[in-house]
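Just so you know, ligand 1 is whichever comes first in the structure, and atom 1 is the first atom listed for that ligand.
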Amino acid sequence: MEYRFDPLTQEQCRINPDRARRIRQAGGEVDLDEIIARTRETCPFCPGRIEDHTPMLPREICQEGRIKLGETSIFPNLNPVGENHAVGVISRAHFLALDKFGVEMFQDNLTAARDYILSVHESDEEAIWPVYMWNYMPPSAGSIIHPHSQILVERQPLPVQAGLLKRSEEYFNRNRCSYWEDLVEQERRLGERFIYDGGFLAVIASFAPRGFNEIQFIFKEESSVTELSPRQMSDFVTCLIKALKGYQKLGIGSFNLVTYSGPIGEELHHYRLNAKLISRPYPRGIYTNDTGPMERLCDVWVVDTLPEMVAENMRSFFP
Ligand SMILES: [Zn+2]
C-alpha cells in the first residue's frame with residue numbers, strides 16, 4: 001500500500017494493486033446483449049424516438065431546438081445538475097462497445113458541444129465555465145445506455161476547476177513557468193507514466209489518481225475547450241479513441257471522462273486545458289463498487305491500479 005499526493009492539489013490517494021486480486025463475493029456473468037436489446041425498445045435517444053422524447057433548446061440558443069452535426073444531437077438535460085446542462089447524443093447506434101467509437105462521430109460531438117457552449121455564452125456572457133463530460137454505461141452513473149456526452153456552461157467554476165486554476169496560478173507566480181508544462185516535461189523525462197505526445201496534447205497516467213486506470217490529457221497551449229481548432233480536436237479525439245481501445249482490451253466496460261477547462265475568452269498563461277479519463281466497474285447485475293466511504297465521505301481516493309502499470313498497459317495503443 002502506497003500513499004501518494006497530487007503534485008498540484010495535494011489530494012491524497014492510496015494505491016494498492018493487490019486489492020485488484022481480493023475476493024469479491026458479488027459479481028459474475030451478466031447478459032449485456034440482453035440489457036442492450038431490452039433498453040433499445042424504449043430508448044428516448046434512439047432514432048425514431050429522439051425527436052418526440054427529448055426537449056428542445058431555447059430559441060436564443062438554437063433556432064431549430066437541437067444542435068445537430070453528423071450523428072450528434074444536443075438538447076437540454078431533463079434532470080440537470082448545473083446551469084445550461086445539456087445532453088449530446090453521439091451516435092444513432094443504441095450501443096457502441098469501447099472499440100467502436102469513430103473519430104468523425106466523436107469529433108462531431110465535441111464540435112457541436114463547443115457550438116452549444118459558445119451559443120449559451122453569447123446569450124449569457126456570465127456563463128463562462130464549460131464542462132464536457134461522459135458517463136458511459138450504468139456503473140459510471142450513466143442512466144441511459146445510448147452513448148451521450150453531458151455539457152454544462154456555468155457562471156461559477158466547479159470547485160475542482162476553481163482549485164486547479166488557483167493552484168496553477170500560485171505555481172506560476174512562484175516558479176514563473178506553467179505547472180502543466182513542467183508536469184508534462186517531468187513525466188516525459190521520468191518515462192514511468194508518460195504514454196504519448198500527440199503534438200497538441202500529451203497523455204500521461206496520473207501520479208496520484210482519483211480513479212482506476214486514470215489517464216490525463218494535457219493540452220500544450222490552450223486553456224479553454226472553446227479555443228480548440230478542428231485539428232486540435234481531432235488530435236484529442238484520436239487520443240481518446242486509442243485510450244478507449246486500450247480500455248476495451250483491458251476488459252473495462254464503463255468509464256467517466258471530464259474536461260477541466262479554463263473560462264471562455266481568457267487565454268491563461270498559467271493554465272492548460274486538461275481532461276481525465278477513469279474506468280468504472282464492469283457492468284454486471286451486482287458488483288463491487290470502486291468507491292466507498294474513503295472517496296464519498298473522506299476525500300481520499302483509493303485505487304487498485306498502479307499508474308506506472310496503467311501507462312505500460314496503454315502505451316501499446318498509442319503507437
Ligand atoms: Zn438508444
Side-chain angles (χ1 to χ4, degrees), residues 29-58 61-62 64-82 84-117 131-153 233 236-237 240-241 243-245 247-249 251-259 275 277-287:
E29 289 312 303
V30 67
D31 190 351
L32 213 49
D33 292 340
E34 188 272 323
I35 295 166
I36 292 161
R38 177 160 45 82
T39 53
R40 187 184 282 120
E41 300 297 310
T42 54
C43 175
F45 295 174
C46 268
R49 243 173 264 116
I50 188 166
E51 305 288 337
D52 300 328
H53 287 68
T54 61
M56 308 269 266
L57 293 164
I61 306 297
C62 176
E64 296 77 28
R66 294 184 188 90
I67 297 175
K68 291 183 178 174
L69 186 62
E71 296 189 38
T72 281
S73 185
I74 294 182
F75 45 84
N77 190 318
L78 278 174
N79 303 289
V81 297
N84 302 299
H85 189 171
V87 170
V89 169
I90 188 170
S91 65
R92 280 192 269 275
H94 177 62
F95 174 75
L96 287 171
L98 284 171
D99 58 351
K100 294 293 184 286
F101 287 96
V103 172
E104 199 179 318
M105 179 191 283
F106 225 134
Q107 182 151 359
D108 284 345
N109 194 265
L110 200 55
T111 305
R114 188 203 50 195
D115 293 348
Y116 168 72
I117 291 163
V131 182
Y132 176 82
M133 61 187 182
W134 267 53
N135 309 326
Y136 175 85
M137 294 302 275
S140 73
S143 62
I144 290 183
I145 298 222
H146 199 122
H148 60 283
S149 59
Q150 314 243 359
I151 308 131
L152 299 165
V153 197
M233 278 195 198
F236 180 38
V237 162
L240 274 172
I241 285 174
L244 295 183
K245 285 198 162 86
Y247 269 17
Q248 169 88 3
K249 271 278 159 41
I252 292 163
S254 182
F255 69 83
N256 287 117
L257 168 76
V258 174
T259 62
L277 177 71
I278 59 171
S279 70
R280 301 304 305 272
Y282 196 85
R284 300 182 203 284
I286 186 170
Y287 56 84

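Residues passing the ring pair (Phe, Tyr, Trp, His ring centres under 6.0 Å) test with His94, sequence neighbours excluded: His146. Residues satisfying the ring pair (Phe, Tyr, Trp, His ring centres under 6.0 Å) criterion with Tyr116, sequence neighbours excluded, are absent altogether.
Residues Gly253 and Met137 approach most closely at O-CG, 3.4 Å, considering heavy atoms.
Of all protein atoms, those that are N, O or S and lie under 2.8 Å from the Zn ion (ligand 1) total 4.
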Show me the donor-acceptor pairs, under 3.5 Å and distance only, between side chains in residues 48-57 and residues at least two apart or in other chains.
unit_1 : atom_1 : unit_2 : atom_2 : d
Arg49  : NH1    : Arg40  : O      : 3.2
Arg49  : NH1    : Cys43  : O      : 2.7
Arg49  : NH2    : Glu41  : O      : 2.9
Glu51  : OE1    : Arg66  : NH1    : 3.1
Glu51  : OE2    : Lys68  : NZ     : 2.8
His53  : ND1    : Arg49  : O      : 3.0
Thr54  : OG1    : Ile50  : O      : 2.6
Thr54  : OG1    : Arg66  : NE     : 3.0
Thr54  : OG1    : Arg66  : NH2    : 3.4

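Under the 4.5 Å side-chain criterion, counting only non-hydrogen atoms from C-beta, Gln150 is not in contact with Val81.
To the nearest 0.5 angstrom, Leu69 atom CG is 6.0 Å from Thr111 atom OG1.
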